[in-house]
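First up is the structure itself, then whatever we jot down about it.
Below, chain A is the first sequence line, B the second, and so on; all start at residue 1. This one's a predicted model, so the numbers in the text were calculated from it and none came from an experiment.
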2 protein chains.
Amino acid sequence: MSERIDEAMEKFRTRLREAGLKSTHQREVIVRRFFELDKHISTEEMLIEVKAIQPSIGYATVYRTLKLLKDQGLAIPKNFGDGQTRYDPIFEQDPEHDHLICVTCRKILEFNDEKLSERIEEIANDMGYKLVRKKIELYAECTTENCPNMPSQDSKS
Amino acid sequence: MSERIDEAMEKFRTRLREAGLKSTHQREVIVRRFFELDKHISTEEMLIEVKAIQPSIGYATVYRTLKLLKDQGLAIPKNFGDGQTRYDPIFEQDPEHDHLICVTCRKILEFNDEKLSERIEEIANDMGYKLVRKKIELYAECTTENCPNMPSQDSKS
DNA sequence: ATGAATGCAAAGCGTTTGCATCTGG
DNA sequence: CCAGATGCAAACGCTTTGCATTCAT
């Protein structure tokens with residue numbers, strides 16, 4: 001499955017090019033290792049990993065590269081309350097989605113939330129299970145006075 | 001609805017007593033205001049609120065009281081990525097729960113996850129809706145080889 | 001009385017950043 | 001060449017703590 005890493009790397013390089021940023025040796029090392037490890041990792045832990053490959057790389061570069069990945073949508077920052085920010089690589093663009101159903105007009109909106117998915121998986125793991133699939137439905141009402149999809153003067157589908 | 005604040009305060013005092021801790025004037029002021037505001041608030045913001053009532057209260061006391069509330073299960077720490085920890089008051093003990101269904105034996109486990117609920121609410125809000133209710137079902141398989149509830153040699157309920 | 005709580009200031013600690021020096025395009 | 005990138009060390013900003021004093025029980 002290292003092809004998905006190459007794929008991610010390619011996406012990374014493309015993003016850099018599109019943003020007019022440079023593809024440096026340090027970034028290659030950091031980002032590749034980041035995707036290889038494929039787990040939430042702190043800047044410091046990442047530094048150790050990277051130092052093992054290229055000792056000259058400094059903390060600031062790792063820090064800035066991780067931030068770069070976040071800005072490019074290739075990693076998401078996480079906080080577990082221990083005062084350290086950790087980053088998780090993002091491979092997929094658009095995984096399975098969940099739904100929000102308007103209780104007023106029954107309109108169904110799709111959404112996709114990384115944090116939600118993460119938490120869900122954590123919950124299952126903590127309970128000693130491995131998540132297979134999930135079903136999440138949020139029933140809510142529009143906060144603006146006039147629900148743009150009121151069934152009142154419009155026939156429901 | 002200030003009765004629910006009194007209720008929360010009472011619960012707080014009870015927790016203190018049970019833990020052999022002291023009910024001080026500062027704690028009363030901080031905790032009451034905290035429940036009154038009923039929103040995620042940072043230590044610094046809390047300090048400002050509290051100073052308006054009792055100028056002599058110091059940052060450390062607010063900090064420690066918020067931490068105390070967390071330890072007592074009356075507040076939950078939150079991180080929004082801005083580097084500051086915020087706390088949210090918890091009034092209910094055990095809100096509605098969600099389910100995890102074992103795909104192997106169909107056993108249904110209940111769980112309640114604060115972080116999950118928070119995120120769910122945030123999602124609805126971000127989408128411009130106000131959450132009314134939710135339906136969350138996680139389908140998962142036991143990670144230990146022998147599912148303790150295998151239907152094979154035991155009749156299903 | 002007396003151990004816990006408070007307030008202040010200092011120490012911690014992870015995160016950012018200024019700057020002189022490199023380097024990819 | 002030259003704007004962007006790097007490394008180092010210093011600066012930050014929020015969190016946590018040591019300690020003498022005060023307070024609740």
Could you check whether Thr85(B) gets within reach of a base, just the sugar-phosphate, or nothing at all, counting any heavy atom under 4.0 Å?
->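 Touches sugar-phosphate only.
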
Which part of the nucleic acid, if any, lies within contact of Arg27(B), taking any heavy atom under 4.0 Å across all strands shown: a base, the sugar-phosphate backbone alone, or nothing?
->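 The residue Arg27(B) makes sugar-phosphate contact but no base contact.
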
Nearest-nucleotide wise, let me know which of His25(B) and Thr61(A) is further upstream toward the 5' end of DNA chain D.
->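 Looking at DNA chain D, the more 5' nearest nucleotide goes with Thr61(A).
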
Want to settle it: does Thr24(B) or Tyr63(B) sit nearer the 5' end of DNA chain D, counting the closest nucleotide to each?
->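 So the residue in question is Tyr63(B).
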
Close side-chain approach of Phe111(A) to Leu116(A), heavy-atom, < 4.5 Å |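 The answer is yes, as the side chains (C-beta and beyond) meet within the 4.5 Å cut-off.
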
Check for a donor-acceptor pair, side chain of Lys11(B) on one end and backbone N or O of Phe91(B) on the other, with a separation under 3.5 Å.
->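 Confirmed, Lys11(B) side chain pairs with Phe91(B) backbone.
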
Between [N] atom [atom2] and [X] atom [atom1], what is the distance in whole Å?
{"X": "Gln54(A)", "N": "dT6(D)", "atom1": "CD", "atom2": "P", "value": "11 Å"}
{"X": "Leu68(B)", "N": "dT16(D)", "atom1": "CG", "atom2": "P", "value": "14 Å"}
{"X": "Gln84(A)", "N": "dT15(D)", "atom1": "CD", "atom2": "P", "value": "15 Å"}
{"X": "Arg86(B)", "N": "dG13(D)", "atom1": "CZ", "atom2": "P", "value": "16 Å"}
{"X": "Arg64(B)", "N": "dT16(D)", "atom1": "CZ", "atom2": "P", "value": "12 Å"}

By nearest atom, which of the nucleotides [options] is closest to the [X] side chain?
{"X": "Lys22(A)", "options": "dT17(D), dA3(D), dC23(D)", "value": "dA3(D)"}
{"X": "Ser23(B)", "options": "dA9(D), dT25(D), dT15(D)", "value": "dT25(D)"}
{"X": "Ile57(A)", "options": "dA5(D), dC14(D), dG7(D)", "value": "dG7(D)"}

Inter-end axis angle, the helix from dA1(C)-dT25(D) to dG25(C)-dC1(D), with every axis fitted to five base pairs (rounded, 10 degrees) =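 For the helix from dA1(C)-dT25(D) to dG25(C)-dC1(D), the axes at opposite ends meet at about 40°.
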
Please list, in 5' to 3' order, the outermost nucleotides of DNA chain C lying under 4.0 Å from any heavy atom of chain B.
->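 Span of nucleotides near chain B: dG3(C) to dC8(C).
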
Salt-bridge contact Glu28(B)-Arg13(B) (side-chain N to carboxylate O under 4.0 Å) =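 The answer is yes: the pair qualifies as a salt bridge.
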
Under 4.0 Å between a Lys/Arg side-chain N and an Asp/Glu carboxylate O for Glu118(A) and Lys115(A)?
->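 Lys115(A) and Glu118(A): not salt-bridged.
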
Kindly determine whether Leu21(A) and Leu68(A) satisfy side-chain contact (heavy atoms from CB on, under 4.5 Å), including the steps that lead there.
-> CA-CA 10 Å; Leu21(A) 301 176; Leu68(A) 172 64; 3.7 Å; yes

Mind listing the closest non-hydrogen atom pair of Phe35(B) and Ile90(B) along with its distance?
->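 Residues Phe35(B) and Ile90(B), closest heavy atoms: CE2-O, 4.0 Å.
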
Might you point out which heavy atoms bring Cys142(A) and Tyr129(B) nearest each other, and give the distance in Å?
->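 Shortest heavy-atom contact: N-CD2, 3.5 Å.
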
Would you give the length of the straight line joining atom CG of Leu138(B) to atom CE of Met127(A), rounded to the nearest 0.5 angstrom?
->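 It is 8.0 Å, given to the nearest 0.5 Å.
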
Applying the salt bridge (Lys or Arg N to Asp or Glu O under 4.0 Å) test to Glu10(A), which of Arg32(A), Arg4(A), Arg17(A) qualifies?
->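 That would be Arg17(A); it is the only one of Arg32(A), Arg4(A), Arg17(A) passing the salt bridge (Lys or Arg N to Asp or Glu O under 4.0 Å) with Glu10(A).
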
By nearest nucleotide on DNA chain C, pick out whichever of Gly20(B) and Gly58(B) is the more 5' one.
->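 Upstream on the strand: Gly20(B).
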
Of Leu21(A) and Tyr59(A), whose nearest nucleotide on DNA chain C comes first from the 5' end?
->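 Its nearest nucleotide being more 5', the pick is Tyr59(A).
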
